[in-house]
Amino acid sequence: MDPRDAALRARLLAVPGIGILLGARWSYYELGWGGYWGWDPVENAALMPWLISTAFLHSVMIQEKRGC
């Protein structure tokens, strides 16, 4: 695996992650939504694809590292 590919993957994963965190913070402080157990369904809907893509990229990177 090329080190530049890993850096690109990390940046591409970080951009939506930062957006999710900023949106969660904004909705918590400005709109009064949420809390630890009371997340808005929109936040959950945005978080789930990010978690799935993180797991997928992790498995791809591990497979490349092992040479599978």
Side-chain angles (χ1 to χ4, degrees):
M1 174 171 71
D2 189 12
R4 292 177 293 182
D5 287 344
L8 178 63
R9 289 177 186 169
R11 276 188 248 134
L12 289 176
L13 192 60
V15 170
I18 292 169
I20 290 170
L21 290 174
L22 289 174
R25 180 182 167 136
W26 173 78
S27 69
Y28 184 77
Y29 287 111
E30 296 297 325
L31 301 176
W33 294 352
Y36 189 71
W37 290 109
W39 281 14
D40 181 51
V42 174
E43 291 178 13
N44 290 336
L47 183 61
M48 293 311 295
W50 184 83
L51 288 173
I52 291 168
S53 63
T54 302
F56 175 74
L57 285 176
H58 175 72
S59 66
V60 167
M61 292 172 75
I62 294 298
Q63 287 179 359
E64 286 179 356
K65 186 175 181 179
R66 290 183 181 172
C68 295

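Keep in mind that this is a model prediction, so the values were computed, not measured.
Q63 CD to H58 NE2: the interatomic distance, rounded to the nearest 0.5 Å, is 10.5 Å. Distance check: I62 CD1 to L57 CG gives 11.5 Å after rounding to the nearest 0.5 Å.
When the side-chain contact (heavy atoms from CB on, under 4.5 Å) test is applied to L21, no partner is found at least two apart in sequence or on another chain. S53 is linked by a side-chain contact (heavy atoms from CB on, under 4.5 Å) to L13, counting only residues two or more places apart in sequence or in another chain.
A single hydrophobic cluster is not seen to contain both I18 and W50; linkage of ILVMFWY side chains at heavy-atom distances under 4.5 Å, directly or through other members, places them apart.
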